[in-house]
Amino acid sequence: ALASAGAATEAEMLGKFQADASAFQMAFGGLSTFYGGLEALIGPPLPGLQDAMEREHLHSADSQTEWQTGNYGILTTSEIEWHFVV
C-alpha cells in the first residue's frame with residue numbers, strides 16, 4: 001500500500017500541521033534570510049529558556065486546563081504534556 005501511494009499534494013502536507021490550511025502563505029526568502037537563520041527572524045534564545053517553559057507549562061493559570069489534541073483527540077493539559085515530554 002505504501003509503495004504504491006502517490007505523492008502528497010501541498011494542501012495535504014500543509015493540512016497535517018495546521019487545522020486551517022488558509023491561515024498562512026509560504027514564500028521563499030533570499031540568501032540573507034537563509035544565512036541569517038532563525039535568530040535573525042525571532043532573536044536568540046533566552047538563557048533561561050527551559051525555566052520559562054517549565055513555568056509556562058506547570059505554573060500558569062491554564063496549566064491544568066484540559067484541551068483536546070487535533071491529531072488523536074486525546075484530552076490533556078500543559079502540565080501533563082510537560083511531564084510526558086520532559
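The figures that follow rest on heavy atoms only: side chains count, while hydrogens, waters and symmetry mates do not. From a predicted model like this one, the values you see are computed outputs, not experimental measurements. Sequence positions, counted from 1, serve as the residue numbers for this chain.
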Exercise. Can you name the residues that form a side-chain hydrogen bond (donor to acceptor under 3.5 Å, both in side chains) with Gln50, not counting sequence neighbours?
Worked result: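 Not a single residue meets the side-chain hydrogen bond (donor to acceptor under 3.5 Å, both in side chains) criterion with Gln50.
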For this session: Keeping the roles fixed (side chain from Thr33, backbone from Gly29), state whether a donor-acceptor pair exists under 3.5 Å.
Result: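 It does not hold such a pair.
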For this session: Could you work out the complete set of other residues in the hydrophobic cluster of Ile74, with links drawn between I, L, V, M, F, W and Y side chains under 4.5 Å apart?
Result: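 When side chains under 4.5 Å apart are linked, the cluster holding Ile74 also contains Tyr72.
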Exercise. Does any pair with a residue in residues 74-86 pass side chain to side chain donor-acceptor pair (under 3.5 Å), and if so which ones, sequence neighbours excluded?
Worked result: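 Pairs touching residues 74-86 that pass the test: Gln64-Glu79, Thr76-Glu81.
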Exercise. Are Trp67 and Leu75 in one and the same hydrophobic cluster, where Ile, Leu, Val, Met, Phe, Trp and Tyr link if side-chain heavy atoms are under 4.5 Å apart?
Worked result: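 No; tracing contacts between hydrophobic side chains, which count when under 4.5 Å, never links both residues.
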Exercise. For the hydrophobic clusters of this structure (ILVMFWY residues joined by side-chain heavy atoms under 4.5 Å, transitively), does one cluster hold both Leu49 and Val86?
Worked result: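 In one cluster: yes.
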For this session: Please round to the nearest 0.5 Å and tell me the distance separating atom NE2 of His57 and atom CD1 of Ile80.
Result: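 Output value for this atom pair is 12.0 Å.
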